Amino acid sequence: MSLAVRPSASSFTRILLAVLASVLLAGCASLIQREPVRINVVGLEPLPGAGMEMRFAVKLRVQNPNEAAIDFDGLALELDLDGKPFATGVSDRKGSVPRFGEALVEIPVSVSAIAVVRQALGVIEGEPKTEVPYTLRGRLAGGLLGGTRFSDAGMLKLPEPLGNPR
């Protein structure tokens with residue numbers, strides 16, 4: 001003969017309350033409002049490329065206007081020029097941006113030959129431009145919520161020969 005032990009109503013209630021409390025705490029944590037990080041491109045240096053690609057080291061100044069430090073374990077970056085994809089990059093770099101502080105972060109990006117040709121044709125076929133709009137999107141990976149996304153947009157001044165090819 002075997003005796004089956006059935007949980008009592010009070011232990012079931014305690015388990016249910018513990019699960020409910022966990023769900024409520026997780027919900028409250030997601031309500032914490034964080035200010036978006038501010039990103040500025042502060043440098044661009046050429047790197048050796050392979051084949052027909054161009055490579056650059058993009059230096060970003062990351063500003064954290066929040067009360068808690070942002071720890072990251074990896075970065076991803078996308079750069080569009082004139083509304084078209086231009087460069088992408090990833091890095092497994094680890095770091096931290098202090099609370100109400102800033103950090104310089106460097107990420108290598110690749111530009112395919114096709115992207116360069118597409119941009120050059122756009123400049124040649126269109127009106128001469130002295131500036132081109134850019135959009136920068138990325139993510140500082142890691143943390144409890146999977147990371148911190150960022151974006152920046154503005155106008156990029158073209159060197160004189162590119163801005164006025166004719």
Side-chain angles (χ1 to χ4, degrees), residues 26 28-166:
C28 290
S30 67
L31 294 176
I32 296 171
Q33 293 293 322
R34 292 183 65 122
E35 293 290 324
V37 296
R38 297 181 190 120
I39 302 292
N40 293 307
V41 177
V42 296
L44 190 67
E45 296 177 6
L47 294 173
M52 294 178 58
E53 77 172 348
M54 294 187 320
R55 305 229 341 126
F56 297 95
V58 176
K59 292 184 181 180
L60 304 173
R61 181 170 307 279
V62 182
Q63 296 179 330
N64 178 9
N66 294 290
E67 294 180 17
I70 298 173
D71 297 322
F72 62 91
D73 185 10
L75 303 111
L77 179 73
E78 296 176 10
L79 174 65
D80 295 348
L81 290 181
D82 207 13
K84 299 175 190 95
F86 186 71
T88 59
V90 292
S91 172
D92 64 352
R93 179 175 178 202
K94 295 179 183 183
S96 182
V97 185
R99 64 184 289 278
F100 294 108
E102 58 185 40
L104 280 176
V105 177
E106 189 173 300
I107 182 169
V109 297
S110 299
V111 181
S112 73
I114 297 201
V116 172
V117 169
R118 185 174 50 228
Q119 291 296 331
L121 287 175
V123 169
I124 292 171
E125 291 175 354
E127 293 293 316
K129 295 181 180 181
T130 57
E131 296 181 324
V132 64
Y134 75 88
T135 304
L136 180 73
R137 292 178 308 281
R139 183 169 74 100
L140 299 171
L144 288 174
L145 302 176
T148 302
R149 296 200 175 273
F150 61 84
S151 64
D152 185 37
M155 297 299 283
L156 179 68
K157 286 193 179 278
L158 295 176
E160 190 59 36
L162 290 177
N164 195 357
R166 295 174 224 200

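All figures in this text were calculated on a predicted structure; none of them were measured in a lab.
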Enquirer: Got a second to check how far T135's OG1 is from L81's CG, nearest 0.5 Å?
Expert: 8.5 Å
Enquirer: Can you name the closest pair of heavy atoms from E45 and K59 and give their distance?
Expert: OE2-NZ, 2.9 Å
Enquirer: Just by modelled atom types, is the S96 backbone N or O under 3.5 Å from a matching donor or acceptor in the D71 side chain?
Expert: no
Enquirer: Where do V97 and V62 come nearest, in terms of heavy atoms and distance?
Expert: CG1-O, 3.7 Å
Enquirer: Quick one: CG on L47 to CD on E106, what's the gap to the nearest 0.5 Å?
Expert: 7.0 Å
Enquirer: Apply side chain to side chain contact (heavy atoms under 4.5 Å, CB included) to the pair F72 and T148, showing each step before the final yes or no.
Expert: CA-CA 8 Å; F72 62 91; T148 302; over 6 Å; no
Enquirer: What distance separates L75 CG from K94 NZ, expressed to the nearest 0.5 Å?
Expert: 12.5 Å
Enquirer: Which atom pair, heavy atoms only, marks the closest approach of I70 to V37?
Expert: CD1-CG1, 3.3 Å
Enquirer: Quick check on R38: does its CZ atom have over 12 non-hydrogen neighbours (other residues, nucleotides or ligands) under 6.0 Å away?
Expert: no
Enquirer: Tell me the closest heavy-atom pair linking E35 and N66, and the distance in Å.
Expert: N-OD1, 2.7 Å
Enquirer: Can you give me the closest heavy-atom contact between P98 and N64, atom names plus distance?
Expert: O-ND2, 3.3 Å
Enquirer: Is there a side chain to side chain contact (heavy atoms under 4.5 Å, CB included) between F150 and R137 once you walk through the steps?
Expert: CA-CA 6 Å; F150 61 84; R137 292 178 308 281; over 6 Å; no
Enquirer: Compare all side-chain heavy atoms of L60 with those of V41 and state whether any distance is below 4.5 angstrom.
Expert: yes
Enquirer: Taking all heavy atoms of Y134 and all of M155, pick out the closest pair and write down the distance.
Expert: CE2-N, 3.7 Å
Enquirer: Step by step, work out the side chain to side chain contact (heavy atoms under 4.5 Å, CB included) result for R93 and I107.
Expert: CA-CA 8 Å; R93 179 175 178 202; I107 182 169; over 6 Å; no
Enquirer: Check the pair L79 / L77 against side chain to side chain contact (heavy atoms under 4.5 Å, CB included), numbers first and verdict last.
Expert: CA-CA 7 Å; L79 174 65; L77 179 73; 5.6 Å; no
